[in-house]
Amino acid sequence: MKKIVEIGCISHRYPDSTEVCICGLEFFMYEKEVVGLLGGNGSGKTTLLSHITGLLSPTEGQVRVFNLDPRKEFKKIWKHIGVLLQSAEEQLIGPTVRDDIAFSLKNAGWPREYMKRRVDEVMQDLQITHLAEKIPHYLSGGERQKVALAGALALRPRLLILDEPFSRVDQKSKKELAELLRAVNVRHETAILFTVHDLSHLPSLAHTVYVMKQGELLARGCPQEILLNLPLLKEAGLEPPSILELVELLRERGVDLPYTLDPEELASRLSAMLPGGINCKR
Ligand SMILES: Nc1ncnc2c1ncn2[C@@H]1O[C@H](COP(=O)(O)OP(=O)(O)O)[C@@H](O)[C@H]1O
Ligand SMILES: [Mg+2]
């Protein structure tokens with residue numbers, strides 16, 4: 001499989017002299033891969049993404065995206081990436097939702113008729129057709145994020161980059177968003193890179209997970225192996241999923257249970273241990 005992102009050891013100095021080194025493991029992504037970048041606040045996730053999009057350039061080290069230098073080949077790269085920033089408000093610039101979503105298509109010089117069809121299509125996919133003529137500024141946080149995502153998807157990017165997409169939406173919308181992103185990945189073979197500090201959406205969405213702490217890439221693995229590695233999560237200062245904490249507490253009390261993320265499995269193991277299963281008797 002082809003690698004579409006490759007980053008060795010890089011360092012970046014912000015204007016106020018803060019130095020961020022992103023080192024440890026090599027960071028890479030394959031085409032069509034869904035990668036979750038996991039780390040606490042200030043661990044360097046946004047800095048890493050900004051190097052991939054070419055918004056920042058490294059003071060040392062090399063970044064390759066589609067085998068190009070994103071800083072030098074900014075225009076070429078932006079034809080193939082869609083970006084959702086951490087604060088979706090900042091990227092909504094059109095006077096109406098429809099204009100906003102059409103922005104990248106207009107820039108790319110798409111003919112008017114073609115553009116309209118594509119905007120309608122992407123609004124339908126995201127179920128925001130009813131918002132088409134609204135002013136983005138007056139939308140709710142969740143709606144704004146959907147509009148920004150529609151704009152990022154309008155050009156059918158090969159790589160979609162999302163900074164903390166799950167952090168400001170409610171539980172129900174988180175599930176919908178994960179399903180939508182999975183559908184984009186499967187239907188259009190779009191590679192997806194997203195950052196998270198909450199572990200609950202990794203298993204259903206990511207193929208691969210990186211764990212980051214203070215710029216250091218500590219591990220790369222499939223979601224199960226990362227999430228079941230409690231010492232690693234502890235080292236990275238991350239809260240393990242509550243189902244794992246429950247298993248850990250029960251094991252400490254002598255209950256023989258496997259580490260599992262699957263509530264169904266846990267429920268059947270527990271009910272098999274109880275005489276007569278789980279049963280409320282009055
Ligand atoms: N514009 C900036 N100027 C100075 N320091 C910054 C800037 N942006 C980020 N940093 C610093 O870089 C480090 C990594 O930040 P960031 O990449 O935003 O982490 P994360 O996205 O994981 O929360 C932090 O120590 C942060 O304070
Ligand atoms: Mg960030």
Side-chain angles (χ1 to χ4, degrees), residues 5-29 34-65 70-71 74 77 81-92 141-142 144-146 148-149 151-152 159-169 173-174 177-178 181 191-202 205-206 208-221 223 226-227 229 232-241:
V5 179
E6 291 170 87
I7 302 176
C9 198
I10 56 167
S11 84
H12 180 78
R13 189 173 306 118
Y14 280 105
D16 69 352
S17 298
T18 305
E19 184 99 30
V20 183
C21 289
I22 297 171
C23 267
L25 301 173
E26 186 201 356
F27 179 92
F28 60 88
M29 265 185 87
V34 182
V35 174
L37 179 57
L38 176 62
N41 257 342
S43 57
K45 303 181 296 296
T46 301
T47 306
L48 178 62
L49 296 192
S50 307
H51 280 83
I52 296 174
T53 54
L55 295 172
L56 293 179
S57 64
T59 22
E60 267 176 65
Q62 211 190 32
V63 180
R64 306 291 290 173
V65 179
R71 193 67 174 177
F74 200 76
I77 287 188
I81 59 173
V83 176
L84 183 70
L85 298 175
Q86 202 162 347
S87 47
E89 304 71 59
E90 284 176 25
Q91 73 186 90
L92 299 181
R144 259 181 248 166
Q145 174 151 305
K146 275 192 181 171
L149 183 57
L159 170 62
L160 179 65
I161 295 178
L162 311 123
D163 203 357
E164 307 261 4
F166 295 109
S167 66
R168 287 176 315 132
V169 284
S173 313
K174 278 184 190 177
L177 180 63
L181 293 174
I192 299 176
L193 170 58
F194 66 101
T195 63
V196 265
H197 60 261
D198 153 18
L199 316 184
S200 55
H201 285 276
L202 287 174
L205 186 58
T208 303
V209 178
Y210 279 91
V211 182
M212 213 174 177
K213 184 200 178 186
Q214 287 171 359
E216 194 183 345
L217 291 163
L218 296 175
R220 174 190 161 95
I226 298 288
L227 295 185
N229 189 341
L232 171 71
L233 297 181
K234 234 171 242 172
E235 190 189 346
L238 296 161
E239 288 268 313

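The chain is numbered in sequence order, starting from 1. Heavy atoms only: backbone and side chains are in, while hydrogens, waters and symmetry mates are out. Whatever order the structure lists them in is the order used to number ligands and atoms, beginning at 1.
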Would you say ligand 1 has an N or O under 3.5 Å from any N or O of Q86? no
Return yes when at least one N/O/S atom of N41 is nearer than 2.8 Å to the Mg ion (ligand 2), and no when none is. no
Among all protein non-hydrogen atoms, which one is nearest to atom 18 (O) of ligand 1, and what is the separation to 0.1 Å? T46 CB, 3.8 Å
What pairs with H12 under ring pair (Phe, Tyr, Trp, His ring centres under 6.0 Å), at least two apart in sequence or on another chain? Y14, H51
Results of salt bridge (charged side-chain N to carboxylate O under 4.0 Å, His left out) for K174 - residues two or more places apart only: D198
Taking everything shown except E19 itself, do over 12 heavy atoms lie less than 6.0 Å from its CD? yes
What is the nearest protein non-hydrogen atom to atom 24 (C) of ligand 1, stated with its residue, atom name and distance? G42 O, 3.8 Å
Atom 27 (O) of ligand 1: the protein heavy-atom neighbour that sits closest, reported with distance to 0.1 Å: T18 CG2, 5.0 Å
Under 6.0 Å from the CD atom of E26, do we count more than 12 heavy atoms belonging to anything else shown? yes
For a quick test of reading the model, state the closest non-hydrogen atom pair linking S87 to E90 and the distance between them. OG-OE2, 2.8 Å
Do you see a protein non-hydrogen atom under 4.0 Å from atom 12 (O) of ligand 1? yes
Among all protein heavy atoms, pick the one closest to atom 17 (O) of ligand 1 and tell me residue, atom and distance. T47 OG1, 2.5 Å
Non-hydrogen atoms of L218 and E235 that approach each other most closely: CD2-OE2, 3.8 Å
Atom NZ in K146, atom CG in L84: separation rounded to 0.5 Å? 13.0 Å
Look at atom CD of Q86 and say whether more than 12 heavy atoms of other residues, nucleotides or ligands are closer to it than 6.0 Å. yes
Which atoms from ligand 1 have a heavy atom of V20 less than 4.0 Å away? 12 (O), 13 (C)
Counting from 1 in the order shown, the ligand 1 atoms closer than 4.0 Å to a non-hydrogen atom of S43 are 19 (O), 20 (P), 22 (O)
N or O pair under 3.5 Å between G44 and ligand 1: yes
So is G40 in contact with ligand 1, going by heavy-atom distances below 4.0 Å? yes
At what distance is the nearest protein heavy atom to atom 8 (N) of ligand 1, and which residue and atom is it? Y14 CZ, 3.3 Å
